[in-house]
S.K.: 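Below: one structure in structure tokens.
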Amino acid sequence: MLWSGWGDPAKAAELPERVGELLTALLGVRPAGPAVPLGEVRLRPVALPAPVLAGLSDIAGHDHVRFDDETRIRHTRGKSTPDLLKIRAGDGSDAPDAVVLPGSHEEVAALLAYCSGNRIAVVPFGGGTSVVGGLTASGHGFAGVVALDLSRMNRLLALDATSMIADLEPGVRAADAERMLAGHGLTLGHFPQSYEYATLGGFAAARSSGQASAGYGRFDDMVMGMTVATPGGTLRLGRAPRSAAGPDLRQLVLGSEGAFGVITSLRLRVRRAPAEKVHEGWRFASFAEGAAALRHLAQRGPLPTVLRLSDETETMAGQAASEVTGGPEAEGGCLAIAGYEGTAEDVRTVRERVSAVLPGLGGVPLGEGPGESWAAGRFAAPYLRDSLLGAGATAETLETAAFWSALPGLYQEVRQALQDRLGSPLIMCHISHVYETGASLYFTVVTAQADDPVAQWERAKEAACQAIGRAGGTISHHHGVGRDHRRAYAEEIGELGVAVIRAVKDRLDPAGVLNPGVLIT
Ligand SMILES: Cc1cc2nc3c(=O)[nH]c(=O)nc-3n(C[C@H](O)[C@H](O)[C@H](O)COP(=O)(O)OP(=O)(O)OC[C@H]3O[C@@H](n4cnc5c(N)ncnc54)[C@H](O)[C@@H]3O)c2cc1C
């Protein structure tokens, strides 16, 4: 992973000249230049004394405790646009003092006990792709901060093909999980845009949702069980597909973002690998018309595996990009993508039924071209963000969800708030996940960078968060809370809700060393 941006540096995307010209003409963007060299990132000296570092080595092994500059920089914050703007400018002030790579549940448990005893803050670190400040722990009042990198815990532990469940370690990346399961003819079906780098533990800890959630469900739907190491002891949760044995403690750990404990193994529901995958495009005259069609499918069926709808601006931007890059095309209106996965028979049947329903709801079939080019290019957008940053444009995303009846108001309020704060930004949106009762909205915002682009975005983000609250949306559908949504989350769950979360944390993590400042204050 590129330390100052996204993904494999070999796949870096050059911004086409024409797009650069358009950005200048439409948004007044001026080039911002490249990231500082790695050697110029400013770091605090390591705060942990040698005997404490030796204590960590005694547990995890000498080779698995690192505090060289590059390793610390690579574990600084996550991959939100403000995170990237800061690190590109050489600001390494949130770097951990050391990075520890445990190899087992027992080592994690021992490290948590050690860190609790020595007042060392611990940040569980999966793929490092958090976009909500989930990896930026506050070291204030602690002897230092340690990132607990789970990448060595990357095995498929067991497979129960009768029950269709797999036990996996938390550091397995989504792409590797698919490779491991493919050998058994199985799939997890979790394909977020961060698929190549994000890990199973991170998905559970942040309640992730993948692009094929209409067919496979959200990640939290897949979690049948888990083992969680906490300073207060080990939780072993989930022994049946469903249970009436009291409140479901798995739900307490899902979304807890490392503030309660470290997930050291996951028991996940798996599915048979699809024999066929087909994606197609549909055009609707307006976002409202397309949303009504998606609601129809979500409530009455048939439901494709992938179902998403871009608004007019996102469709237009996609179209402009396609002229340059060969991406999806939709000839105006709003582009919807429907994907079908399963046996050839499943794919044919569901596709035929969808094709029979959508024309009556205003849908115009565009065939497989736009669908397949969306599928082929769907992991490429984060690379483009790096080029936009260099070109002087801030490109950032935010997401929310609401019941269907509240969705149009939510869409308008968020757009208005962003416009009021940013002048004339490019605001694009799509419906990214659908349910019987509602859907999520995913916004992408592109604007010219101000002199202080981090403060500029933070003001816009705060306005958008307030708009989400006013319009009755949730502060996050799938990115989580982290530090960035902490205030809005507290408002969403209320004072009593915060007190309940606090009480759970105090019992599991009495010294408060786990990811301090994330989720709640
Ligand atoms: C370009 C890009 C695209 C993205 N697309 C999507 C998308 O389509 N869908 C989506 O849901 N999200 C998306 N995300 C957000 C991010 O990928 C998810 O939040 C993901 O769940 C994080 O996984 P990770 O392994 O990178 O976790 P990290 O970023 O390493 O950690 C996330 C949080 O979980 C905690 N944590 C990590 N591992 C554990 C563990 N084992 N036990 C306890 N706590 C742990 C961390 O401390 C942190 O608070 C995207 C992010 C980027 C940068």
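Order of appearance sets the numbers: ligands from 1, and atoms from 1 within every ligand.
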S.K.: What protein heavy atom sits nearest atom 28 (P) of ligand 1, and how far off is it?
M.R.: Gly128 N, 3.7 Å

S.K.: Only one of Leu508, Val504, Ile263, Asp248 clears side-chain contact (heavy atoms from CB on, under 4.5 Å) with Val253; which?
M.R.: Ile263

S.K.: Side-chain contact test, heavy atoms from C-beta onward, threshold under 4.5 Å: evaluate it for Ser265 versus Leu157 and give yes or no.
M.R.: yes

S.K.: How about Ser440 and Ser432: does a side-chain donor come under 3.5 Å of a side-chain acceptor?
M.R.: yes

S.K.: Considering the heavy atoms of Pro170, write down every atom of ligand 1 situated less than 4.0 Å from one of them.
M.R.: 41 (N)

S.K.: What protein heavy atom lies closest to atom 1 (C) of ligand 1? Include the residue and the distance to one decimal.
M.R.: Pro382 CG, 3.4 Å

S.K.: Applying side-chain contact (heavy atoms from CB on, under 4.5 Å), run through Glu178 and Tyr195 and close with a yes or a no.
M.R.: CA-CA 10 Å; Glu178 289 299 338; Tyr195 169 77; 3.4 Å; yes

S.K.: With heavy atoms of Ala205 as the reference, note each atom of ligand 1 found under 4.0 Å away.
M.R.: 34 (O), 35 (C), 36 (N), 44 (N), 45 (C)

S.K.: Measure the distance from atom 31 (O) of ligand 1 to every protein heavy atom, then report the residue, atom name and distance (to 0.1 Å) of the closest one.
M.R.: Leu135 CD2, 3.8 Å

S.K.: Could you work out, for atom 42 (N) of ligand 1, the closest of Asn515, Leu514, Ile263 by heavy-atom distance?
M.R.: Ile263

S.K.: Going by distance only, is there an N or O of Val518 that falls short of 3.5 Å from an N or O of ligand 1?
M.R.: no

S.K.: Do we see a donor-acceptor contact under 3.5 Å between the side chains of His485 and Ser476?
M.R.: no

S.K.: If we only count heavy atoms from C-beta on, is the Tyr435 to Trp404 side-chain gap below 4.5 Å?
M.R.: no

S.K.: Say whether Thr81 and Arg385, considering side chains only, have a donor N or O and an acceptor N or O under 3.5 Å apart.
M.R.: yes

S.K.: Taking only heavy atoms of Gly134 into account, list the atoms of ligand 1 that are under 4.0 Å away from them.
M.R.: 47 (O), 48 (C), 49 (O)

S.K.: Should you measure from each heavy atom of Ser194, which atoms of ligand 1 turn up under 4.0 Å away?
M.R.: 3 (C), 4 (C), 5 (N), 6 (C), 13 (C), 14 (N), 16 (C), 17 (O), 50 (C), 51 (C)

S.K.: Regarding atom 5 (N) of ligand 1: of the candidates Gln193, His190, Arg385, Glu169, which has the closest heavy atom?
M.R.: Gln193

S.K.: Is it true that Gly482 lies under 4.0 Å from ligand 1, counting heavy atoms only?
M.R.: no

S.K.: Quick one: nearest non-hydrogen protein atom to atom 43 (C) of ligand 1, plus distance?
M.R.: Gly261 O, 3.4 Å

S.K.: Counting heavy atoms only, which of Gly78, Pro124, Gly258 is nearest atom 47 (O) of ligand 1?
M.R.: Pro124

S.K.: I need the nearest protein heavy-atom contact for atom 24 (P) of ligand 1: residue, atom name and distance, please.
M.R.: Gly127 N, 3.3 Å

S.K.: Heavy-atom pairs closer than 4.0 Å: do any link ligand 1 to the side chain of Ala206, the backbone, both, or neither?
M.R.: side chain

S.K.: Could you check if a side-chain atom of Val146 sits within less than 4.5 angstrom of a side-chain atom of Leu111, using non-hydrogen atoms only?
M.R.: no

S.K.: With the side chain counted from C-beta on, respond yes when Arg152 and Pro102 share a heavy-atom pair under 4.5 Å apart, and no when they do not.
M.R.: no

S.K.: Which atoms from ligand 1 have a heavy atom of Glu257 less than 4.0 Å away?
M.R.: 35 (C), 47 (O), 49 (O)

S.K.: Is any side-chain heavy atom of Phe191 closer than 4.5 Å to one of Val306?
M.R.: no

S.K.: So does Asp91 pair up with Arg77, basic N to acidic O under 4.0 Å?
M.R.: yes

S.K.: Starting from atom 7 (C) of ligand 1, what is the nearest protein heavy atom, named by residue and atom, and what distance separates them?
M.R.: Pro192 CB, 3.3 Å

S.K.: Is it the side chain, the backbone, both or neither of Thr264 that has a heavy atom closer than 4.0 Å to ligand 1?
M.R.: neither

S.K.: Closer than 4.0 Å and a protein heavy atom, does any atom meet both conditions relative to atom 33 (C) of ligand 1?
M.R.: no

S.K.: Can you see whether His105 engages Thr264 through a side-chain donor-acceptor pair at a distance of less than 3.5 angstrom?
M.R.: yes

S.K.: Considering Thr129, Val132, Thr199 one by one, which has a heavy atom nearer to atom 25 (O) of ligand 1 than any of the others?
M.R.: Thr199

S.K.: What atoms of ligand 1 come within less than 4.0 Å of a heavy atom belonging to Trp6?
M.R.: 53 (C)

S.K.: Are Glu341 and Arg271 close enough for a salt bridge, meaning some N to O gap below 4.0 Å?
M.R.: no

S.K.: Return the closest protein heavy atom for atom 9 (N) of ligand 1 as residue, atom name and distance.
M.R.: Ser209 O, 2.9 Å

S.K.: Closer than 4.0 angstrom: is that true for some heavy atom of Gly480 and an atom of ligand 1?
M.R.: no

S.K.: For Ser130, is at least one N or O under 3.5 Å away from an N or O on ligand 1?
M.R.: yes

S.K.: For the pair Asp509 and Asn515, evaluate side-chain contact (heavy atoms from CB on, under 4.5 Å) and give the outcome as yes or no after the intermediate values.
M.R.: CA-CA 10 Å; Asp509 176 25; Asn515 229 353; over 6 Å; no

S.K.: Assess the residue pair Arg250 and Asp220 against the criterion (salt bridge (charged side-chain N to carboxylate O under 4.0 Å, His left out)); give the C-alpha distance rounded to whole Å, side-chain angles, the decisive distance to 0.1 Å, and a yes or no.
M.R.: CA-CA 9 Å; Arg250 288 174 307 181; Asp220 45 22; over 6 Å; no

S.K.: In terms of atom number and element, which parts of ligand 1 are under 4.0 angstrom from non-hydrogen atoms of Gly202?
M.R.: 21 (O), 23 (O), 24 (P), 25 (O), 27 (O), 37 (C), 38 (N)

S.K.: Check this for me - ligand 1, Gly126, N or O atoms closer than 3.5 angstrom, yes or no?
M.R.: yes

S.K.: Would you mind checking if Asp176 and Arg179 are paired as a salt bridge, meaning a charged N to carboxylate O distance below 4.0 Å?
M.R.: yes

S.K.: Ser208 heavy atoms, cut-off 4.0 Å: which ligand 1 atoms fall inside?
M.R.: 10 (C), 11 (O), 21 (O)

S.K.: Just heavy atoms, cut-off under 4.0 Å: does Val228 contact ligand 1 by side chain, backbone, both, or neither?
M.R.: neither

